[in-house]
Asker: 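One structure, as C-alpha cells, below. Some questions next.
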Amino acid sequence: MDLYEYQGKELFRGFGIPTSEGRVATTAAEARAAAEEIGGQVVVKAQVLTGGRGKAGGIKLADDPEDAERKAEEILGLDIRGHVVRRLWIEQASEIAKEYYLSVTFDRGAKKALFMLTTEGGVEIEEVAAQSPDALARLHVDPLEGFQPYQARRLIYGAGIDDPDEQKQILDIVGKLYRCFVETDAMLCEINPLIVTPDGEVRALDSKFTVDDNALYKHAEIAELRDLEAYPPEERAAREKGVTYVKLDGEVGILGNGAGLVMSTLDVIALAGGRPANFCDLGGGGDAQGVVDALEVITADPQVKSIFFNIFAGLTRCDEVARGILQALSQMSIEHPIVVRLDGTNAEEGREILSGAAPANLHVEPTMLEAARRAVELAA
Ligand code: GDP
Ligand code: MN
C-alpha cells in the first residue's frame with residue numbers, strides 16, 4: 001500500500017524525523033485558510049500516488065494566502081500520469097541549500113534492508129544510479145544483528161557528507177528511519193529530497209512510503225489511511241469483495257482457479273496472439289457467489305472485450321462449477337462473449353450442463369489452447 005506524501009511524513013514525525021509544518025486541503029478555499037494559519041510563504045503540493053510531481057506542475061510556491069488559493073486552483077484536478085489531484089498538502093516553505101537523497105528498502109537478493117544515500121538528491125534516483133553510481137552510498141542491515149550506529153556513519157562517510165553538524169543530524173535520521181521502516185512493516189521509505197537549509201538544519205521535504213499489504217492487519221491506523229477513491233472502480237470492487245485481481249493492459253479478461261493455472265492462462269492467451277486485460281483467481285472454489293464477484297470485477301474494466309473462464313477441477317468438481325457459472329449468469333447480465341474451458345473431475349458432466357442451458361454468449365471449448373484462440377478471436 002502506497003501512502004501519500006503527507007501520510008508518510010506524519011509517520012516520519014511519529015518516529016522523530018524532522019519535517020515541515022503543514023495542512024491537508026481539498027479545496028482552494030481550504031488551501032487559503034491553511035496558508036493563513038501557517039503564515040508566510042507556503043508550498044502547495046499535489047497529493048497523488050506517483051512521483052515526479054514537481055516536473056508535472058504539481059508543486060508550487062505561494063507567497064501569501066491569495067496566492068496559495070490561486071495555486072491550489074491550478075493544481076486541483078490536474079492529471080499527473082493518470083492520477084487526478086483531489087488533495088493538497090500546504091506546507092511551510094523551506095529555504096534549500098542542499099538536496100540529498102535517503103532511502104531504505106529491501107534488497108531481496110541479499111535478504112537484508114538496504115539504505116541508499118547520496119548528496120545528489122532532488123532528481124530521480126535512477127538517474128543518479130545510471131550516471132554517477134559512485135555518488136550513491138549503499139549499506140545493508142542484517143535483520144538479526146539489527147541496526148548499529150557505526151553503520152550509519154559508514155553510510156554518511158560513503159556519501160561524502162563531511163560537515164560534522166550535518167553528519168550528526170543525518171546519523172540520527174538514519175537510525176530513526178530504520179526504526180520507522182521496521183516498525184511499520186514498510187517496503188520502502190524514501191526521502192527525496194532530504195534538505196539542508198541555509199542554517200544547516202536537515203529535514204525531510206518529501207516522502208515516498210510503501211507498507212507491506214500483508215502486514216496491514218497489524219497496523220489498523222495505517223490501513224485506515226487507504227484512499228479508496230484513488231483506485232479504479234474494478235480494483236475497488238475487488239478489494240471490497242476480497243477477489244484476487246490484477247489489472248493488465250490487453251483485451252481478454254481472465255478467470256481461473258489457482259495461481260498456477262491463471263499464470264499459464266496468461267501465457268496461452270499470448271500464444272494465441274492476444275493480450276490479457278486482467279485476471280482474477282477464484283482460488284480453490286467455483287461457487288456461484290465467487291463467480292459473480294469475479295465476473296463483476298472483470299467486466300467493470302472497460303478494456304475487456306471477451307472473457308476466458310479457465311477451470312481445472314481437482315478438489316472442486318466441474319459440474320459444480322458449471323452450475324455456479326449458470327447461476328451467476330442468471331443473476332447478472334453480461335454482454336461480453338465468455339469462453340469456458342472445463343477440465344478435471346466431472347469435466348464431461350460440467351460441459352454437458354453448460355451446453356444444455358448456456359446463453360448464446362457462452363462458448364464451451366474442450367482444451368485450453370482452443371479456448372484461448374476462441375477468446376482472442378472474440379476479443380478482436
Ligand atoms: P516530487 O517532484 O514528486 O518528488 O515532489 P517533491 O516534494 O520532492 O518536490 C519537488 C521539488 O520541489 C523539490 O525537489 C524541491 O526542489 C521543490 N520544493 C518542494 N518543497 C519546497 C520548499 O519548501 N521550498 C523550495 N524552495 N522548494 C521546494
Ligand atoms: Mn521528491
Side-chain angles (χ1 to χ4, degrees), residues 2-13 17-25 31 34-65 67-68 70-72 74-105 115-129 131 135-136 159 170 173 177 180 186 188-210 227 230:
D2 294 329
L3 301 182
Y4 288 121
E5 172 199 0
Y6 76 91
Q7 297 171 331
K9 281 179 167 171
E10 235 159 74
L11 292 175
F12 284 168
R13 253 194 308 285
I17 296 166
T19 60
S20 305
E21 191 201 339
R23 306 265 190 290
V24 176
E36 260 158 22
E37 282 178 44
I38 294 165
Q41 204 184 36
V42 295
V43 211
V44 181
K45 308 187 79 176
Q47 298 300 291
V48 279
L49 298 175
T50 181
R53 296 163 301 161
K55 276 185 210 149
I59 310 262
K60 291 193 162 123
L61 285 165
D63 291 323
D64 52 54
D67 196 20
R70 247 190 327 270
K71 299 283 159 62
E74 287 169 28
I75 296 173
L76 281 167
L78 206 66
D79 186 315
I80 303 182
R81 279 182 303 280
H83 300 257
V84 178
V85 182
R86 294 178 295 106
R87 283 187 207 191
L88 301 169
W89 175 244
I90 315 297
E91 184 175 276
Q92 184 162 58
S94 303
E95 277 188 75
I96 302 175
K98 298 172 194 170
E99 293 192 313
Y100 296 166
Y101 170 103
L102 172 66
S103 69
V104 55
T105 183
F115 272 101
M116 289 191 270
L117 175 63
T118 172
T119 54
E120 295 182 24
V123 288
E124 300 291 319
I125 193 62
E126 289 80 6
E127 272 171 46
V128 180
Q131 279 159 27
L136 196 62
I170 297 173
I173 291 172
L177 193 63
C180 178
L188 170 71
C189 291
E190 182 184 276
I191 306 176
N192 187 27
L194 178 71
I195 60 156
V196 185
T197 67
D199 301 336
E201 193 194 321
V202 181
R203 212 176 320 147
L205 211 67
D206 190 7
S207 98
K208 198 167 166 193
F209 207 121
T210 309
D227 174 20

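Atoms within each ligand, like the ligands themselves, are counted from 1 in listed order. Quantities reported herein were computed from a predicted structural model and do not represent experimental measurements. In this chain, numbering begins with 1 at the start of the sequence shown.
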Asker: I'd like to check which ligand 1 atoms, numbered from 1 as shown, lie under 4.0 Å from a non-hydrogen atom of Arg53.
Answerer: 1 (P), 2 (O), 3 (O), 5 (O), 6 (P), 7 (O)
Asker: Give the residue, atom name and distance (to 0.1 Å) of the protein heavy atom nearest atom 7 (O) of ligand 1.
Answerer: Lys45 NZ, 2.7 Å
Asker: Give me the nearest non-hydrogen protein atom to atom 27 (N) of ligand 1 as residue plus atom name, then the distance to 0.1 Å.
Answerer: Ile96 CD1, 3.4 Å
Asker: Taking atom types as modelled, is there a side-chain donor on Ser20 or Arg203 under 3.5 Å from an acceptor on the other?
Answerer: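 Ser20 vs Arg203: donor-acceptor pair found between side chains.
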Asker: Of all the atoms in ligand 1, which lie at a distance below 4.0 Å from a heavy atom belonging to Ala93?
Answerer: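 That gives atoms 23 (O) of ligand 1.
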Asker: How are the rings of Phe12 and Phe209 set relative to one another: parallel (under 30°), tilted (30 to 60°) or perpendicular (over 60°)?
Answerer: tilted
Asker: Using modelled atom types only, decide if a donor and an acceptor are shared between the side chain of Thr197 and the backbone of Ile96 within a distance under 3.5 Å.
Answerer: no
Asker: Among protein heavy atoms, which lies nearest atom 2 (O) of ligand 1, and at what distance?
Answerer: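 Atom 2 (O) of ligand 1 sits closest to the protein heavy atom Gly54 N, 2.8 Å.
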Asker: What is the closest protein heavy atom to atom 15 (C) of ligand 1, and at what distance does it sit?
Answerer: Glu99 OE2, 3.2 Å
Asker: If we count only non-hydrogen protein atoms and require a distance under 4.0 Å, does atom 17 (C) of ligand 1 qualify as touching the protein?
Answerer: no
Asker: What atoms of ligand 1 come within less than 4.0 Å of a heavy atom belonging to Ser94?
Answerer: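 Reading through ligand 1 atom by atom, the close ones are 22 (C), 23 (O), 24 (N), 25 (C), 26 (N).
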Asker: Does the protein put any heavy atom within less than 4.0 Å of atom 13 (C) of ligand 1?
Answerer: yes
Asker: Among Ile75, Asp67, Leu61, find the residue that satisfies the side-chain contact (heavy atoms from CB on, under 4.5 Å) test when tested with Val44.
Answerer: Ile75
Asker: By atom name, which N, O or S atom of Asp206 is the nearest to the Mn ion (ligand 2)?
Answerer: OD2
Asker: Of the protein's non-hydrogen atoms, which lies at the shortest distance from atom 19 (C) of ligand 1, and what is that distance?
Answerer: Leu205 CD2, 3.7 Å
Asker: For atom 9 (O) of ligand 1, which protein heavy atom lies nearest, and how many Å away is it?
Answerer: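 The closest heavy atom on the protein side is Ile59 CD1, 3.9 Å.
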Asker: Determine whether Arg86 and Asp227 make a side-chain contact, defined as any pair of heavy atoms from C-beta on separated by less than 4.5 Å.
Answerer: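 Yes, side chains in contact.
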Asker: Quick one: does any side-chain atom of Asn192 pair with a main-chain N or O of Gly122 as donor and acceptor, under 3.5 Å?
Answerer: yes
Asker: Using side-chain hydrogen bond (donor to acceptor under 3.5 Å, both in side chains) as the criterion, point out the one residue from Arg13, Gln92, Lys9, Glu91 that pairs with Thr19.
Answerer: Arg13
Asker: Give the residue and atom name of whichever protein heavy atom lies nearest to atom 6 (P) of ligand 1, and the separation in Å to one decimal.
Answerer: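 Atom 6 (P) of ligand 1 sits closest to the protein heavy atom Asp206 OD2, 3.4 Å.
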